[in-house]
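Proteins come first, then strands; the chains are lettered A, B, ... in the order of their sequence lines, and each starts at number 1.
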Number of protein chains: 2
Amino acid sequence: MSYKDSIIGTAMALFAENGFKDTSTADIAKSIGSAESTLFHHFKNKEELLLKILERVQRDIVREVESHLHDAEPENGLAMISGIVGLFFHLSEAKRVEFLLLFRNYPYQLANVNPTCRKIIESIYDFFLGIIAEALIKGQQDGSIREVNVQKQAMVILAMITGLTRFDIFGIMTLAGYHQEIIDSCQRMLCREYICED
Amino acid sequence: MSYKDSIIGTAMALFAENGFKDTSTADIAKSIGSAESTLFHHFKNKEELLLKILERVQRDIVREVESHLHDAEPENGLAMISGIVGLFFHLSEAKRVEFLLLFRNYPYQLANVNPTCRKIIESIYDFFLGIIAEALIKGQQDGSIREVNVQKQAMVILAMITGLTRFDIFGIMTLAGYHQEIIDSCQRMLCREYICED
DNA sequence: TAATAAACCGAGTGAGTACTCGGTCAGTCA
DNA sequence: TGACTGACCGAGTACTCACTCGGTTTATTA
């Protein structure tokens, strides 16, 4: 059990860093310090290993987000959104390996032919869309957020933060010191009215 | 020249659809209808072929965008931003293959070790950042856009539209009918003040 | 037309690749 | 103690990959 977990952890790091195709089973075995054939004693093939990894990623991310959201006591829906956006950026550092894996192409390619994989990935995106939508609805009820199409707006927000995170993770640009600017932009996008101070 | 171009076109489609690693030189040759060894007569290896493809993608995208922007006569900076966002979504369909290729991991992996590749990719992103920043500055001058940090805000906008396009292209979600919502969100993010109509 | 060069091909080649198989060894329980 | 089970290994194996090489066809130009 524990050994199996260590395979999952090691393989996840390698898949995230180098990609699925560019990580050979020999690489994984070497990194663990075991024989290549031992991998196939625990997982029937490389693809099953990836699926177990994705399952763990999904569980870890959901658990982490829920524990953070549970602690927070936001005053209204708009503040909830700010909290979620901030949490997402926090996660992209704290769970960097998991995020990097989710920005790889292979999981989505596999999702096209493997329903199990598809479900895992969908559940991750649906989870984030769900908490954003919840905050939007709450904000509309308490008046902190204007009337918007909740589904569409949730997607726009998720796309924005994943897009920014992708830039950061792939080294296209750096997000250092940009978090407040981004949260500000979100608030302006959503708030009922906004008057410029200057 | 022309034959070389047809190799580039065919290989681009395959790399975009299946990824660099998952497209063998045999696949490319078969798709063109020539011998595998002929590829290596025109390109010294598979990597050089990818670089030539990326160069063409960069040229094509810049040319296409510039021709569109040249035609448009926006009334102010904010309208320019809306035009750029709309154009980006138009491109993600008109240049679907090129966009798909730019959402693959391999070009960015290669960029880490190959300066030529890095330059091409950077120039694409810098190009988009440049036209967005230009619109922001114009908007601040004509009063249609509030005072913002131009660099940061340009990145936020580019991240949002690439993030949305990525969702659409990878089949995570569909953008059908969302364009106006997104352009609206951008305008609210940028405009000097906004009063909700309801 | 003859000479030169470029385009193109078929048949390799060696270096990986995921995965298999037969067997060893340690721990568990009757 | 002895039979059984599961973790683990080394040595394969069949296959795919990018790339090479010797030679032939085609185009160009003197």
Where do N or O atoms of nucleotides 23-25 of chain C meet protein N or O atoms at under 3.5 Å, pair by pair?
none

Quiz item: Taking OP1 and OP2 of D:dC8, is either one under 4.0 Å from a side-chain nitrogen or oxygen of A:Ser34?
Solution: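 For A:Ser34, the contact criterion (side-chain N or O under 4.0 Å from OP1 or OP2 of D:dC8) is not met.
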Quiz item: Can you find a side chain N or O atom of A:Thr38 that sits less than 4.0 Å from OP1 or OP2 on D:dC9?
Solution: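 Yes, within the criterion.
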If I take atom [atom1] in residue [X] and atom [atom2] in nucleotide [N], what distance separates them, rounded to the nearest angstrom?
X	N	atom1	atom2	answer
A:Leu39	D:dG10	CG	C1'	14 Å
B:His41	D:dA27	NE2	P	14 Å
B:Glu48	D:dA18	CD	C1'	14 Å
A:Lys21	C:dA18	NZ	P	9 Å
A:Lys4	D:dA7	NZ	P	9 Å
A:Lys30	C:dG16	NZ	P	11 Å
A:Lys46	C:dT20	NZ	C1'	17 Å
A:Tyr3	C:dG27	OH	C1'	17 Å

Quiz item: Which heavy atom in A:Arg166 sits nearest to a heavy atom in A:Ile172, and how many Å separate them?
Solution: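 Minimum heavy-atom contact is NH1-CD1, 4.4 Å.
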Exercise. Kindly give the heavy-atom pair with the smallest separation between A:Leu14 and A:Ile28, and that separation in Å.
Key: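 Minimum heavy-atom separation between A:Leu14 and A:Ile28: CD1-CA, 3.7 Å.
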Exercise. Please state whether the rings of A:Phe89 and A:His179 are parallel, tilted or perpendicular, taking 30° and 60° as the class boundaries.
Key: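 Parallel: the ring planes of A:Phe89 and A:His179 meet at under 30°.
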Quiz item: Parallel, tilted or perpendicular: which describes the rings of B:Phe170 and A:Tyr108, with under 30° parallel and over 60° perpendicular?
Solution: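 Rings of B:Phe170 and A:Tyr108: parallel, under 30°.
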Quiz item: Are side-chain N/O atoms of B:Tyr3 and B:Ser34 paired as donor and acceptor at under 3.5 Å?
Solution: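 A donor-acceptor contact under 3.5 Å links the two side chains.
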Practice problem: For A:Asp27 and A:Ser24, test the side chains for any donor-to-acceptor distance below 3.5 angstrom and give the result as yes or no. | Solution: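 On atom types as modelled, these side chains qualify, holding a pair under 3.5 Å.
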Quiz item: Around B:Lys119, counting heavy atoms of other residues, nucleotides and ligands shown, do more than 12 lie under 6.0 Å from its NZ?
Solution: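 Check fails, neighbour count at 12 or below.
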Self-check item: Summary of protein contacts for nucleotides 20-26 of chain D, nucleotide by nucleotide, where a base hit scores B, a sugar-phosphate-only hit scores S (4.0 Å, heavy atoms)
Solution: BB-----
Quiz prompt | Salt-bridge criterion met for A:Arg63 and A:Asp60 (N-O under 4.0 Å) | solution =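 Yes, charged N to carboxylate O under 4.0 Å.
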Practice problem: State yes or no: are the ring centers of B:Phe88 and B:Phe99 separated by less than 6.0 Å? | Solution: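 Ring centroids of B:Phe88 and B:Phe99 are less than 6.0 Å from each other.
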Quiz item: Hey, does B:Thr25 reach any base, or is it just sugar-phosphate, or nothing, if we go heavy atoms under 4.0 Å?
Solution: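 Contact class for B:Thr25: base.
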